[in-house]
Structures are given as structure tokens and as C-alpha cells.
**Student:** 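Sharing a structure with you now.
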Amino acid sequence: SSNKNQKMLSDACNRIGDCNFILQRHNDAIKYYDRAMTYADNQNDYSLYYKATALGAINKLNDKAETLKEIIAMPQQTLMRSTAMFELANTYTLNNQTSKAIETYTQFINEYPKNNLVVKAKQKLGLLYYNQNNNGEALTLFKDIVTKYPGTKESAECLNIMKNIYVEEGKVDDYLDFVNNTAHIKTTVSEADSLSHSSAQKLYLSGKYDKAKEASESYLKKYPNGAYATECNFYLGDCLFQSKKYNEALPYFTKVYNANKSVYTENARLKTALIHQYNKNYKVAAELFEQVIAKAEYDYIIEEANVELMRCYYEISDFNKLLSISKTVMGSAVYDEEIRDEAKFYHAKSLYNTGKIDQAYTEFTDIANDNSGVESAESKYMCCFITYTKADYEKAEKETFELVQNYSSYDYWIAKGFILLADIYTKTGNEFQAIQTLQSIIDNYQGEDLKKEAQDKLNQLNKNEDNE
């Protein structure tokens with residue numbers, strides 16, 4: 001009779017606890033669940049479980065975990081033990097205690113393999129592995145769920161995560177093999193095409209060029225005329241381009257810009273032009289850059305093409321075209337100062353080589369005064385040379401000494417300046433000084449090209465002296 005009263009009191013306290021829990025008075029609920037346990041005869045699993053649930057509701061996750069562990073540790077196998085173990089694993093997950101969560105889900109799956117919560121435990125365990133980038137363990141669990149629990153919500157969700165893993169890893173073929181060998185799953189050719197493309201795209205956009213290359217090759221092998229063939233040709237070409245395998249990239253870019261127009265067309269043409277430029281095929285590159293500028297819709301592509309076309313015109317000495325495009329670049333605010341300075345130098349060279357000598361002199365003077373670097377040194381030399389060609393030898397000599405003084409780190413242009421100085425001395429009748437200057441270059445300058453030029457001039461001076 002006393003035991004019966006104790007049980008009644010325990011049940012009453014549990015019911016009051018339940019009412020408080022429903023009304024979200026969680027602290028009061030916890031008090032009554034504790035009180036219920038004082039009347040119970042070692043059968044506290046219900047009170048402990050719902051006390052743990054109330055503790056979780058007020059975010060006392062550590063206390064909740066300890067309370068659930070009391071149920072699991074009970075000597076008798078209570079009805080609540082399996083539920084408590086599953087909830088303990090969930091609590092560890094919420095509390096970011098991943099290792100403990102993995103251990104507890106694994107224990108639950110092993111001890112209660114027929115429990116109706118096993119499929120959820122396997123899914124949650126798989127997600128923990130997936131979030132740790134342990135895709136191998138995750139896939140094992142997800143495959144088990146998809147195979148053993150067809151038609152369930154968990155099966156559909158796991159199949160979708162599996163698909164994402166295989167796409168991210170560029171292993172779409174493995175996914176399709178699994179799907180095709182699993183009776184209750186169907187996939188179409190268009191779905192397979194789309195999946196293979198999606199894998200290549202994700203890998204390419206994340207900068208994983210080696211894997212993106214493999215995924216693109218796989219796609220093109222299976223679907224050479226597929227819906228995404230142009231895109232994958234571009235990805236494959238650009239992966240090779242990023243790896244500096246320029247000649248291998250060429251045929252893929254060519255396929256892209258020869259196909260129907262797409263968002264990749266002009267970028268492929270631009271990169272084809274760049275490859276020819278790298279290979280010093282400047283004329284071919286220039287023709288392609290011209291096509292890009294004429295056809296491209298995106299400003300950033302046109303802007304890059306303008307700069308590279310300017311450089312190609314310089315390399316092939318097409319100074320009439322260089323005059324126009326260098327003016328465009330140097331006058332555009334979209335380019336940084338370094339590019340505009342480069343364009344100004346090319347513009348000055350174009351002026352000189354198209355017979356606009358006075359304008360060229362003005363621009364070379366500006367470059368020499370406003371900038372530093374090899375273009376500035378060359379520009380100063382060009383000022384000296386233009387002055388020399390106008391037979392203003394005194395001014396030419398003065399400017400040449402300024403070149404030597406201000407650009408001493410540019411040996412080539414210093415040597416060119418001294419050769420010009422020897423010419424000035426020759427023109428002004430100071431052959432002795434000219435000979436000494438040329439001999440100094442021959443003795444001290446390291447480059448064979450200018451040494452030969454100096455030697456030829458010296459030989460001519462010596463010959464002139466012998467004739468006299």
C-alpha cells in the first residue's frame with residue numbers, strides 16, 4: 001500500500017511536470033520531475049528523460065547530456081534507454097561535440113540495429129562525417145540508407161547528398177554506376193549530361209583546375225555534342241591555359257569560338273590570341289585581338305585586348321596602327337598609370353616612326369622627365385638622337401651627358417649614349433675623343449651587339465685616319 005502511494009505521488013509529479021513543460025515553464029517542470037524521482041522505486045527513466053528534454057529547452061545542453069547518460073547507465077534495460085542514447089547523440093551534435101556525437105550514434109546503431117530510429121541515426125552520422133570532409137565514411141552510410149530504406153524521406157535526402165559529393169569530387173561516373181545498379185532509382189541521359197557538366201563547372205569555378213580538367217574530359221568523351229560541350233571545351237582549354245600548357249589549350253579554345261556564339265566565345269578568342277602572342281606569333285595574335293575588339297560585348301575583354309594588341313603592333317612595327325591604339329589606351333581612365341605610361345611610350349615611338357619627329361621629341365621628353373624605368377632611359381636616348389639628327393651637336397652632347405648621369409643603371413642605353421657621343425665628337429671634328437669613347441665601350445660593355453657596333457665605328461675612324 002505504501003509502495004502504491006509512492007507510485008501515485010511519482011506519477012502525479014510527472015503529470016504536473018508535463019503540464020508545466022507544455023506551458024513552457026521549464027524550470028518548474030524540472031522541479032516536479034526531480035520531485036517525482038524521490039517517490040519512484042528506481043524507475044526514474046521517464047522523469048529523467050523529460051527532465052533532460054526540459055533542460056535542453058532552456059539550452060542547458062551539458063546538464064541535458066549528463067541527465068541522459070544517467071538513463072543509459074541504469075543497470076536494468078529500460079524502455080527509454082535507446083531513445084535516450086539517440087537523443088544524447090543529437091545533444092552532442094547541437095553542442096558541437098562532434099567526436100562524442102559520432103561515438104554515440106555508432107553505439108546506438110550497433111546496439112539497436114532494428115530500432116526505427118536507426119535510419120535517422122545513420123543519416124545524422126553520415127552528415128557529421130560529410131561536414132568533416134570524411135566523404136568515404138559518409139558515402140558508406142548514405143549508400144546503406146538508399147539501398148535498405150527505399151521510398152523514405154531519408155533515402156531521398158541521402159541520395160541528393162551523395163550526388164553533391166560525387167559532383168564535388170568530379171566522380172559523376174561513380175554516382176551514375178551506383179544509380180544504374182540500384183533497382184528503385186532511375187536517371188535519364190539528360191540528367192546524366194547535366195550532372196557531368198555540373199561537376200566540371202563546380203570544380204572549375206572553385207579553381208581546382210586539375211580535377212576540373214579531368215571532369216571536362218570525361219564529359220566531352222561521353223557527350224561530345226552534349227548540351228554543355230562548348231562550356232566544357234572552354235573549361236578544359238582554360239585549365240590547360242592556367243597550367244601554362246598553352247599549345248594543348250589551343251584546339252579547345254578554337255572549338256569554342258568556332259561554335260555557336262556563347263558567353264565563352266570572345267574569352268576563348270582572347271586566350272587564343274594570348275597564346276599566339278606568348279609564342280611570338282605576333283601577326284596572328286594581332287589579327288585575333290582585332291576580331292575580339294570588333295565582336296566582344298564585355299568591356300573587360302575589350303580592355304585587355306586593346307593593351308595586348310598595342311603590344312603586338314609594337315612587336316611587328318606596325319606604327320600606323322600603333323599610333324591610333326596607343327592613343328586610345330593612354331587616354332582611357334580604365335587603365336592604371338603603369339599601362340598608360342607604357343602606351344605613352346608606344347605613342348611616342350609611333351610618332352617618331354611615322355615621321356612626326358617634333359611631336360615625338362615632346363613626348364619622349366615628357367616620358368624621360370616624368371617616369372623612371374627602361375622606357376624612360378630609352379626616351380632620353382631618343383631625345384638625344386633626334387637632337388643629333390637635327391645637327392644641334394652642342395645640345396645633343398649636353399642631353400647625352402644627362403642620359404649618362406641620370407640613367408646609370410641601364411647599361412644598354414648608357415652604351416648607346418656613348419656610341420652617339422662618339423658620333424657627335426666625329427661630327428664636331430674631335431676624332432681623338434670619339435676613338436677613346438668607342439674603345440671604352442669595347443673594353444667595358446658586356447653585350448656583343450653594341451660592342452660590334454662600337455668596333456665597326458672605330459674601324460671606320462681608323463681607316464679614315466689612315467687615308468688621311
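All values below come from the heavy atoms of this structure, side chains included, with hydrogens, waters and symmetry mates left out. For this chain, numbers begin at 1 and follow the sequence in order. Just so it is clear, the structure is predicted and the values come from calculations on it, not from any experiment.
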**Student:** Using a 3.5 Å distance criterion without hydrogens, assess whether the side chain of Thr38 forms a donor-acceptor pair with backbone atoms of Asp34.
**Tutor:**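 Pair absent, no side-chain N/O of Thr38 close to backbone of Asp34.
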**Student:** Is a side-chain N or O of Thr354 found less than 3.5 angstrom from the main chain of Leu351, in a donor-acceptor match?
**Tutor:**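 Such a contact is found between Thr354 side chain and Leu351 backbone.
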**Student:** Work out which heavy atom in Asn20 is nearest to a heavy atom in Ala29; give both atom names and the distance.
**Tutor:**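 Asn20 and Ala29 have their closest heavy atoms at CB-N, 3.7 Å.
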**Student:** When you look at Glu304 and Tyr300, which way does the side chain to side chain donor-acceptor pair (under 3.5 Å) test go after all the steps?
**Tutor:** CA-CA 6 Å; Glu304 183 175 356; Tyr300 77 94; over 6 Å; no
**Student:** Between atom OG of Ser216 and atom OH of Tyr252, what is the distance when rounded to the nearest 0.5 Å?
**Tutor:**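 Output value for this atom pair is 10.0 Å.
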**Student:** Show the nearest heavy-atom pair for residues Val404 and Ile414, with the distance to one decimal.
**Tutor:**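 Taking Val404 first and Ile414 second, the nearest heavy atoms are CA-CD1, 3.5 Å.
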**Student:** Would a 4.5 Å heavy-atom cut-off, applied to side chains only, mark Tyr166 and Leu176 as touching?
**Tutor:**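 Answer no - side chains too far apart.
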**Student:** Cut-off 3.5 Å, side chains only: do Asn90 and Tyr105 have a donor facing an acceptor?
**Tutor:**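 A pair is found: one side chain offers a donor N or O, the other an acceptor, under 3.5 Å apart.
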**Student:** To the closest 0.5 Å, what do you measure between CG (Leu322) and OH (Tyr313)?
**Tutor:**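 With rounding to 0.5 Å, CG (Leu322) is 9.0 Å from OH (Tyr313).
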**Student:** Establish, for the pair Lys271 and Phe241, whether the NZ or CZ atom is under 6.0 angstrom from the six-membered ring centre and no further than 45 degrees off its axis.
**Tutor:**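 Satisfied, under 6.0 Å and within 45°.
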**Student:** Show, in sequence, the C-alpha distance, side-chain angles and deciding distance for Phe86 and Lys124, and conclude whether the side chain to side chain contact (heavy atoms under 4.5 Å, CB included) test is met.
**Tutor:** CA-CA 10 Å; Phe86 178 75; Lys124 289 174 180 286; 4.0 Å; yes
**Student:** Using the salt bridge (charged side-chain N to carboxylate O under 4.0 Å, His left out) rule, take Lys380 and Glu402 through it: C-alpha gap first, then chi angles, then the decisive distance, then the call.
**Tutor:** CA-CA 8 Å; Lys380 185 63 178 177; Glu402 289 172 357; 2.7 Å; yes
**Student:** So which heavy atom on Leu236 is nearest to which on Lys213, and how close?
**Tutor:**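 Heavy atoms only, the tightest pair is CD1-CG, 3.5 Å.
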**Student:** For Tyr130 and Ala138, work out which heavy atoms get closest and say how close.
**Tutor:**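 Closest approach of Tyr130 to Ala138: N-CB, 3.8 Å.
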**Student:** Is the backbone of Ser262 close enough, under 3.5 Å, to the side chain of Thr265 for a donor and an acceptor to pair up by distance?
**Tutor:**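 Yes.
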**Student:** Does CG in Asn134 sit with more than 12 non-hydrogen atoms of other residues, nucleotides or ligands closer than 6.0 Å?
**Tutor:**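 Yes, enclosed.
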**Student:** Has the side chain of Arg269 got a donor or acceptor atom that lies under 3.5 Å from a matching backbone atom of Val292?
**Tutor:**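 No: the side chain of Arg269 does not pair with the backbone of Val292.
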**Student:** Are the side chain of Ser10 and the backbone of Ala36 linked by a donor-acceptor contact shorter than 3.5 Å?
**Tutor:**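 Present.
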**Student:** Assess, by modelled atom type and distance only, whether the side chains of Asn135 and Glu169 contain a donor and an acceptor separated by less than 3.5 Å.
**Tutor:**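 Short answer, yes.
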**Student:** Under 3.5 Å, is there a donor-acceptor pair between the Thr83 and Tyr49 side chains?
**Tutor:**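 No - no donor-acceptor pair under 3.5 Å links their side chains.
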**Student:** Does either side chain, that of Asp238 or that of Asn267, offer a donor lying less than 3.5 Å from an acceptor on the other one?
**Tutor:**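 No.
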**Student:** Relative to the ring of Tyr381, is the ring of Trp413 parallel (under 30°), tilted (30 to 60°) or perpendicular (over 60°)?
**Tutor:**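 The arrangement is tilted - the two ring planes meet at 30° to 60°.
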**Student:** Do Tyr335 and Glu303 pair up side chain to side chain, a donor and an acceptor below 3.5 Å, judged on atom types alone?
**Tutor:**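 Tyr335 vs Glu303: no donor-acceptor pair found between side chains.
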**Student:** Might you work through the side chain to side chain donor-acceptor pair (under 3.5 Å) test for Asn279 and Asn247, ending with a clear yes or no?
**Tutor:** CA-CA 9 Å; Asn279 289 336; Asn247 292 333; 2.9 Å; yes
**Student:** Step by step, would you call Glu315 with Lys280 a salt bridge (charged side-chain N to carboxylate O under 4.0 Å, His left out)?
**Tutor:** CA-CA 9 Å; Glu315 293 293 343; Lys280 302 187 186 304; over 6 Å; no
**Student:** Could you report the tightest heavy-atom contact between Thr230 and Ala259, atom names first, then the distance?
**Tutor:**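 Distance-wise, the nearest heavy atoms are OG1-CB, 3.8 Å.
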**Student:** Does a donor on one side chain sit under 3.5 Å from an acceptor on the other, for Tyr39 and Asn14?
**Tutor:**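 No, no side-chain donor-acceptor contact under 3.5 Å.
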**Student:** Find the distance between CG (Leu203) and CD (Glu214) and round it off to the nearest 0.5 Å.
**Tutor:**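 Reported value, rounded in 0.5 Å steps: 9.0 Å.
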**Student:** Go through the side-chain N and O atoms of Asn95 and Gln97 and say whether any donor and acceptor fall under 3.5 Å apart.
**Tutor:**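 Yes, because at least one side-chain N or O of Asn95 sits under 3.5 Å from a partner of the opposite role on Gln97.
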**Student:** Could you tell me whether the side chain of Ser379 and the main chain of Glu375 form a donor-acceptor pair under 3.5 Å?
**Tutor:**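 Between the backbone of Glu375 and the side chain of Ser379 there is a qualifying donor-acceptor contact (under 3.5 Å).
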**Student:** Strictly below 4.0 Å, N to O, side chains only: are Asp18 and Arg15 in salt-bridge contact?
**Tutor:**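 Yes, this pair counts.
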**Student:** Report the relative orientation of the aromatic rings in Tyr33 and Tyr50; use parallel for angles under 30°, tilted for 30 to 60°, perpendicular for over 60°.
**Tutor:**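 Judged by the thresholds at 30° and 60°, the geometry between Tyr33 and Tyr50 is tilted.
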**Student:** Should we count NZ of Lys208 as having more than 12 external heavy atoms under 6.0 Å?
**Tutor:**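 Open: at most 12 neighbouring heavy atoms sit under 6.0 Å from NZ of Lys208.
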**Student:** Please give me the minimum heavy-atom distance between Met330 and Lys327, naming the atom from each residue.
**Tutor:**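 In terms of heavy atoms, the two residues are closest at CG-O, 3.4 Å.
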**Student:** Looking at Lys283, I'd like to know if its NZ atom is crowded, meaning that more than 12 non-hydrogen atoms belonging to other residues, nucleotides or ligands lie closer than 6.0 Å.
**Tutor:**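 Open: at most 12 neighbouring heavy atoms sit under 6.0 Å from NZ of Lys283.
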**Student:** Determine yes or no for a side-chain-to-main-chain donor-acceptor pair under 3.5 angstrom, with Asp144 supplying the side chain and Thr140 the backbone.
**Tutor:**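 Flag not set: sc Asp144 to bb Thr140 has no pair under 3.5 Å.
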**Student:** How far does OG of Ser317 sit from NZ of Lys349, to the nearest 0.5 angstrom?
**Tutor:**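 The distance works out to 9.0 Å.
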**Student:** Is Lys122 salt-bridged to Glu154, cutoff N-O under 4.0 Å?
**Tutor:**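 Looking at Lys122 and Glu154, the cut-off is not met.
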**Student:** Apply salt bridge (charged side-chain N to carboxylate O under 4.0 Å, His left out) to the pair Lys221 and Glu217, showing each step before the final yes or no.
**Tutor:** CA-CA 6 Å; Lys221 185 176 180 180; Glu217 286 174 330; over 6 Å; no
**Student:** Among Tyr219, Tyr223, Tyr228, find the residue that satisfies the side chain to side chain donor-acceptor pair (under 3.5 Å) test when tested with Asp193.
**Tutor:**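 That would be Tyr219; it is the only one of Tyr219, Tyr223, Tyr228 passing the side chain to side chain donor-acceptor pair (under 3.5 Å) with Asp193.
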**Student:** Given the rule in the side chain to side chain contact (heavy atoms under 4.5 Å, CB included) test, do Lys244 and Tyr246 qualify, once you have shown the distances and angles that lead to the verdict?
**Tutor:** CA-CA 5 Å; Lys244 295 183 169 51; Tyr246 300 124; 3.4 Å; yes
**Student:** A cation-pi test, strictly: NZ or CZ of Arg340 under 6.0 Å from the centre of the six-membered ring of Tyr346 and no more than 45 degrees from its axis. Yes or no?
**Tutor:**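 Negative - Arg340 is either too far from the ring of Tyr346 or too far off its axis.
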**Student:** Do the two ring centres, one from Phe253 and one from Tyr257, sit under 6.0 Å apart?
**Tutor:**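 No.
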**Student:** Using salt bridge (charged side-chain N to carboxylate O under 4.0 Å, His left out), reason through Glu103 and Lys100 one step at a time and then give a plain yes or no.
**Tutor:** CA-CA 5 Å; Glu103 182 182 336; Lys100 288 185 176 181; over 6 Å; no
**Student:** Please evaluate residues Gln277 and Arg311 with respect to the criterion side chain to side chain donor-acceptor pair (under 3.5 Å), reporting the C-alpha separation (whole Å), side-chain torsions for both, the decisive distance (0.1 Å), and the verdict.
**Tutor:** CA-CA 9 Å; Gln277 185 182 19; Arg311 290 167 177 162; over 6 Å; no
**Student:** How about Lys60: does its NZ atom have over 12 heavy atoms from other parts shown lying under 6.0 Å from it?
**Tutor:**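 12 or below, so no.
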**Student:** For Val329, is there any backbone N or O sitting under 3.5 Å from a side-chain donor or acceptor partner on Ser332?
**Tutor:**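 A pair under 3.5 Å: no.
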**Student:** Where does the angle between the aromatic ring planes of Phe234 and Tyr204 fall among parallel (under 30°), tilted (30 to 60°) and perpendicular (over 60°)?
**Tutor:**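 Taking Tyr204 first and then Phe234, their aromatic rings stand perpendicular (interplane angle over 60°).
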**Student:** Should Phe345 and Glu363 count as side-chain neighbours, where that means a heavy-atom distance under 4.5 Å?
**Tutor:**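 When only atoms from C-beta onward are counted, Glu363 and Phe345 do not touch, as no gap falls below 4.5 Å.
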**Student:** Is there a donor-acceptor pair closer than 3.5 Å between any side-chain N or O of Tyr314 and the backbone N or O of Leu309?
**Tutor:**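 Checked: no pair found.
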**Student:** Can a donor-acceptor pair be found, under 3.5 Å and without considering hydrogens, that links the side chain of Ser326 to the backbone of Leu323?
**Tutor:**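 Flag set: sc Ser326 to bb Leu323 pair under 3.5 Å.
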